[in-house]
Amino acid sequence: MSLRTAALSVTLLLLVLSEVWAQNPRKRMAPPKPPKAQCCDEVRSLKVQVANLTSLLEELNRKQETDMMNVVRQMMELDKQNRQQEARVTEAESKYSEINNRVEIMQLQASQSVTQSSSDAIYDCASLYNKNYKISGEYKLPADEFLGTPELDVFCDMESNGGGWTLIQRRKVGLTSFNRDWKQYKNGFGTIRGDFWLGNDNLFRMTRQPSTLRIEMEDWEGETRYAEYSYFTVKNELNSFKLLIANYSGNAGDSLRYHNNTNFSTKGKDNDKCVDDCASLRKGGYWYNCCTDSNLNGVFYRYGNHGKNTDGITWYGWHGPNYSLKRVEMKIRPQNFKS
Ligand SMILES: *[C@@H]1O[C@H](CO)[C@@H](O)[C@H](O)[C@H]1NC(C)=O
Ligand SMILES: *[C@@H]1O[C@H](CO)[C@@H](O)[C@H](O)[C@H]1NC(C)=O
Ligand SMILES: *[C@@H]1O[C@H](CO)[C@@H](O)[C@H](O)[C@H]1NC(C)=O
Ligand SMILES: *[C@@H]1O[C@H](CO)[C@@H](O)[C@H](O)[C@H]1NC(C)=O
Ligand SMILES: *[C@@H]1O[C@H](CO)[C@@H](O)[C@H](O)[C@H]1NC(C)=O
């Protein structure tokens, strides 16, 4: 029994007693009645009153108890809500700081060249990954005096299939023309966060170590496919940036095989194996054979126009010659990379 119910019981008991005391003197002063009757009437009435009060008391007790229970339950409920609220705030705070942290790391990456010791040089995103840079984004590869290579901005994919990928090409925005000349394809063009070609000189330099090529693509229905070549090399400019690939795997079809062992061609530099000028027919720079089984540097066509032209961003093994893809990324990493 709680304190409050105890107090109430005492109060009611006092009420009963005071009634008894109040009645007794009156009764005593009243004219004498047959003592037995008076005694019994009085006792009976008191008994009834006591019974009534007792039941009332019990009822009140019950009511109070349930009231108390309800109050306690409400307080517990409030406490629970409070704790839930607190948990939610804590969660939000930690999420916020996580995001903040991520942003800071990204800014650091963008603003700082990664420092380098001569013993383990940084050539690409795989070496960055092995130095524990595991967030995808833009990085600056340091110049290498020994190799005679300049500083280079790259985009690293640290997530797909184990990470460590250096992007060499991306098509997704569609505002950058890929119908460019030899020199532009040699040096690279575009913006590293948007559409770009990393540059054939860089491809040659980076694929001197045995490399793997991964091509990821997306169509206008939002479906994705990929093609991977565990062997990928681009020769130097003297050898017309010739392409060598082998060991296809993936679910997009082997549509680069046809371009294997061919020189690079651009607008104004026809190195293809055709009487036609494939670069001007397909409006891009690529390892044109005669002419294409894929045309990843073709014209970007938006939804609605993507299924009409043969000079689009095509991959015959998936959508045939007349379907221009919505998004493409070409990326490389060393064959011996382990995540
Ligand atoms: C108890 O008290 C109530 C209210 O005073 C009255 O209506 C009822 O008849 C009483 N019951 C008995 C058994 O006296
Ligand atoms: C292709 O894969 C096979 C089996 O793993 C390997 O023996 C061969 O050397 C690979 N070819 C090239 C060109 O890397
Ligand atoms: C590719 O280029 C090299 C030199 O740059 C040349 O010797 C060779 O004949 C070319 N191959 C084809 C098929 O045009
Ligand atoms: C590509 O050409 C090279 C050189 O001729 C050859 O070794 C390799 O097996 C070819 N790759 C494919 C997929 O046919
Ligand atoms: C692709 O377009 C060309 C020219 O517009 C047409 O001749 C050809 O039949 C089309 N091919 C397919 C598979 O739709």
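Just so we're clear, the structure is a prediction, and the values are computed from it rather than from any experiment. Counting starts at 1 for both ligands and their atoms, following the listed order.
- Within the 4.0 Å heavy-atom criterion, the part of L238 lying near ligand 3 is the backbone and not the side chain.
- Inclusion of K242 in the set of residues having an N or O under 3.5 Å from an N or O of ligand 3 is not warranted.
- Those atoms of ligand 4 with a heavy atom of N260 less than 4.0 angstrom away are 1 (C), 2 (O), 3 (C), 8 (C), 10 (C), 11 (N), 12 (C), 14 (O).
- Taking a cutoff of 4.0 Å between a charged side-chain nitrogen and a carboxylate oxygen, K267 and D181 do not qualify as a salt bridge.
- Looking only at heavy atoms of the protein, atom 5 (O) of ligand 4 is closest to N261 ND2, 3.1 Å.
- If you check the side chains of D270 and Y288, you find no donor sitting under 3.5 Å from an acceptor.
- The pair D201-R205 does not count as a salt bridge, with every side-chain nitrogen at least 4.0 angstrom from each carboxylate oxygen.
- Interface of A246 with ligand 2, defined as ligand atoms under 4.0 Å from a residue heavy atom, comprises 13 (C).
- For atom 3 (C) of ligand 3, the closest non-hydrogen atom of the protein is N263 ND2, 3.6 Å.
- Below 30°, between 30° and 60°, or above 60°: for Y185 and F189 the angle between ring planes is above 60°, a perpendicular geometry.
- Less than 4.0 angstrom separates atom 9 (O) of ligand 2 from none of the non-hydrogen atoms of the protein.
- Only backbone heavy atoms of N271 (N, CA, C or O) come within less than 4.0 Å of ligand 3; its side chain stays farther off.
- Between the D124 side chain and the W165 main chain, no donor and acceptor come within less than 3.5 Å of each other.
- Regarding atom 13 (C) of ligand 4, its nearest protein heavy-atom neighbour is I245 O, 3.7 Å.
- In terms of protein heavy-atom proximity, atom 12 (C) of ligand 2 is nearest to N247 ND2, 3.8 Å.
- At the shortest separation from atom 14 (O) of ligand 2 among protein heavy atoms lies Y231 CB, 3.6 Å.
- The existence of a salt bridge linking K172 and E218 is excluded, since no basic side-chain nitrogen approaches an acidic carboxylate oxygen closer than 4.0 Å.
- Taking the six-membered ring for Trp and thresholds of 30 and 60 degrees, H306 and W220 have ring planes inclined between 30 and 60 degrees apart.
- Every atom of ligand 3 is numbered from 1 in the order shown, and the set under 4.0 Å from a heavy atom of N239 is 5 (O).
- Contact check on D153 versus K140 returns a salt bridge, with a Lys/Arg side-chain nitrogen under 4.0 Å from an Asp/Glu carboxylate oxygen.
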